[in-house]
> 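Mind having a look at this structure? Questions to follow.
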Amino acid sequence: MTERPDRHPEPAPPAPRPGGIAARALGARPVPDYLVRLNPEQRLAVETTEGPVLVLAGAGTGKTRVLTTRIAHLLATGRAYPSQILAVTFTNKAAREMRHRIGDLIGPSVEGMAWLGTFHSIGVRILRRHAELVGLKSNFTVLDADDAVRLMKQLIQAEGIDEKRWPGKQLALLIDGWKNRGLTPKDVPPGEGGAFAGGKGVKLYTAYQERLKVLNACDFGDLLLETIRLFRENPDVLAEYQQRFQYMLVDEYQDTNVAQYLWLRLLAQGRRNICCVGDDDQSIYGWRGAEVDNILRFEKDFPGAVVIRLERNYRSTSHILGAASHLITHNEGRLGKTLFTDIADPEAAKVQVASSWDSEEEARAIGEEIEALQRQGHSLDEMAILVRASFQMRSFEERFIQLGLSYRVIGGPRFYERAEIRDALAYLRVVMQPADDLAFERIVNTPRRGIGETTIRLLHDHARARRIPMMAAAEELVQTSEIGAKARTALRDLVAAFARWRGRLDAVKHTELAEIILDESGYTEMWQQDRSADAPGRLDNLKELIRSMEEFESLEGFLEHIALVMDRDSADTTEAVSIMTLHSAKGLEFETVFLPGWEEGLFPSQRTLDESGRAGLEEERRLAYVGITRAKRRALIWFASNRRIHGLWQSTVPSRFLDELPEKHVDVVEQTSSYGGYNVGGIGNYGASRFDRADPFSNTYSTPGWQRAQKNRAASADKPTARPTMRVIEGELVAKSTGSASAYAIGERVFHQKFGYGTVSAIEGNKLTVDFTTGPKKVVDSFVTRG
DNA sequence: GCGGCTGGGCTTTTT
DNA sequence: GCCCAGCCGC
């Protein structure tokens, strides 16, 4: 698009009034060069420092530049100290990137920006300072999604609900949805509580929240929700932060959910210096609670807000912009922007649309296209394949392995989500916090020590009856006959080992201690003995974990960091094609972008259409828009006539989005050949592709690439295996059994589930010696009833 | 307590 | 068609 829409941003007060006192005081100082590099709209967005500002920044219009320059400007002009600026992003990656780029502008003083981070990391920071006001202790644990599901599973069991019909994961999704909308259990609309297990949704939500408090833990949603509650119930605390945050900046505002919106609005009500940057056309997270409405109603919430549109695109050719812009006009309810570029590029290729017979041929054709580009000297790093769903990645991986083409899959489980990392962290968590039951239960039988379900249930019951953590329960039970001899010895050794490791916390460097723990626990050995293909990779990951601990002062600092901030590692420097989902491509750019799988049902996704109707379709269309606008010079769209979905081959219909592309910016690659009675489309002749399968006698699965892929897949497919449990923090205080007297008396007749009837012959704290018919046993009083 | 088998179910993903 | 979880048999 080259036509410039006749739309001008509303005038805003420029910082120092020309000729005014401030301006004179500034003297004839030249415009700083960080401002000279901006276009007029960007500069307005940077210099309109006071009052609410909404920057509608289209794809590739310099959004991050505006944000970072704005911060640099606030600091350079002395409007705020680094510690008085709140800058929120959605991902750690974005936060890091921003910190880095601000650092380039202002130098080391960027270190003072204590409040640059994700919603969650800022939330946890605020919450730790005022934890007691919301019923937590400042050392509360942040549970990740996996821990939360385990907890919910347990509550579902406790309610006697059929776990198969009502899985914990589903409840987690439901509660997460409520939290995204800022709803505490009592706020959930009456109609919605029935959504789970015949009306028990809200009850379980309530129980879950209570349990979290007992565990002194928060889940991700609470980091926002509890901060909101903190602010609402403590106006003085809110006022303190409103005062502190002289200027607020929010990135990717179109992705905020209701909870984040409420959080921001509370804070912004103070100074009202809030600048939100976003693009309604790139809102693609509605399914996880993002509210485009937040961006659409900004002007209503902040009367007098200045709205600035950034429409000058610096990224893509006019064909790419034209195609994307035209496609997105099919959406209703937009704020409306039209991207344009001044860059004249007569050589630029139109957006290419091609078809293939099936997904395998699609992969072959794209593979050849990539190799052709590579031969022309294009870097693989500048090419990406963006898919709608991750199952599409497979055919590309397989093909690229055959070709020996190096690729990189972006996304998937993060480093700290891998089983071996979570296990190692669980050991460290228990050392730091013996009362961390979730961590304790995770590793109590990893590696296998013969402590099975029966023993764990005993520990569990005892812990619950005595209101103590499981570690303390273990300490007590190993002194009794409650547990079988084998398990008892194993458990006693484990408890002793933890006491030993804890004793060395101050004496040994934390990285060394971690190594000692992993060795002495037998955890490292477990993987050394494992002969499966991915075991070496896991050992590498463990080494990497220790290495990453080096950057931290202490174990404590490291653990706090890893729960919230640790990203997947990607020290991979070899040149490679990127394969990722459209969602994870947001914010990135490549010279060449391949967009396969544009078929009805897949893209737009049938499920989205079924679940969300027109709104869903529009979100899918925005996803298409995001995909096309990732391309700087070449965008190639593909669709297959046949695709295997859920194992079944289905013939498919081209995506409706194809017909929504403007003819003048698109080249349709006509079907060029046909083989054996069916059409084989594609760029050039890929017809032979169906016959160029690997020799059936050669084992393509033994190539190093394949093995690597298998290894990665196996590692990434890993789900933690430990079972759910609970944790009782205050129990720590009563963990020593000698403190409480038993309710039983010598000579009293008691009943025990396992040993039957007996007579109490001795009492030591809460431990009883009981003469059963099978002989005298030491048992804990919580295991017997009066008989 | 652990390994092997069977059946259900299957987008997108951050913190 | 494939993967994971949960169940069953040793």
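Protein chains get the first letters and strands the later ones, always in sequence-line order, with residue 1 at the start of each. Side chains included, hydrogens not; waters and symmetry mates left out as well; all remaining heavy atoms used. Every value quoted in this text rests on a predicted model; they were computed, and no experiment measured them.
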> Rounded to whole angstrom units, what separation is found between the CG atom of A:D146 and the P atom of B:dT13?
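Computing the A:D146:CG to B:dT13:P distance gives 18 Å.
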
> Enumerate all atom pairs, one protein N or O and one N or O from nucleotides 7-10 of chain C, separated by less than 3.5 Å.
{"unit_1": "C:dC7", "atom_1": "OP1", "unit_2": "A:K164", "atom_2": "NZ", "d": "3.4"}

> By the 4.0 Å heavy-atom rule, please label A:S605 as base, sugar-phosphate, or nothing.
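Contact class for A:S605: base.
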
> Counting any heavy atom closer than 4.0 Å, what does A:T455 reach on the DNA or RNA strands: base, sugar-phosphate only, or nothing?
sugar-phosphate

> With the side chain of A:Y285 defined as its heavy atoms from C-beta on, choose the nearest nucleotide among B:dT13, B:dT15, B:dT12.
B:dT13

> So which pairs with a foot in residues 604-629 of chain A pass ring pair (Phe, Tyr, Trp, His ring centres under 6.0 Å), sequence neighbours left out?
none

> Stem finding on DNA chain B, please: runs of three or more consecutive Watson-Crick or G-U wobble pairs, both distances under 3.5 Å, sorted by first number.
B:1-10 with C:1-10

> Output all residues satisfying side-chain hydrogen bond (donor to acceptor under 3.5 Å, both in side chains) with A:S605, sequence neighbours left out; order by chain, then residue number.
A:T608

> Please enumerate all residues that pass ring-ring contact (aromatic ring centres under 6.0 Å, His included) together with A:F396, with sequence neighbours excluded.
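Counting only residues at least two positions away or on another chain, A:F396 forms no ring-ring contact (aromatic ring centres under 6.0 Å, His included).
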
> What integer distance in Å separates A:L173:CG from B:dT13:P?
14 Å

> State which residues pass salt bridge (charged side-chain N to carboxylate O under 4.0 Å, His left out) with A:E618; sequence neighbours excluded, sorted by chain then number.
A:R614

> Going by the rule side-chain hydrogen bond (donor to acceptor under 3.5 Å, both in side chains), which residues pair with A:Q650 if we only count those two or more places apart in sequence or in a different chain?
none

> Considering only nitrogen or oxygen atoms on both sides, find all protein atoms under 3.5 Å from nucleotides 3-8 of chain B and state each distance.
{"unit_1": "B:dG3", "atom_1": "OP2", "unit_2": "A:R448", "atom_2": "NH1", "d": "3.3"}

> Working to the nearest 0.5 angstrom, can you tell me the gap between A:I295 CD1 and A:D280 CG?
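Reported value, rounded in 0.5 Å steps: 5.5 Å.
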
> State which residues pass ring-ring contact (aromatic ring centres under 6.0 Å, His included) with A:Y205; sequence neighbours excluded, sorted by chain then number.
A:W178

> Would you please name every residue forming a ring-ring contact (aromatic ring centres under 6.0 Å, His included) with A:F594, sequence neighbours left out?
none

> Got a sec, which pairs hit salt bridge (Lys or Arg N to Asp or Glu O under 4.0 Å) with one end in residues 637-657 of chain A, sequence neighbours left out?
A:E362-A:R643, A:E599-A:R643, A:E600-A:R656

> In terms of side-chain heavy atoms of A:T118, which of B:dT12, B:dT15, C:dC2 is nearest?
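The listed nucleotide nearest to A:T118's side chain is B:dT15.
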
> Can you sort out the partners of A:H583 under ring-ring contact (aromatic ring centres under 6.0 Å, His included), two or more places apart, ordered by chain and number?
A:Y285, A:W287

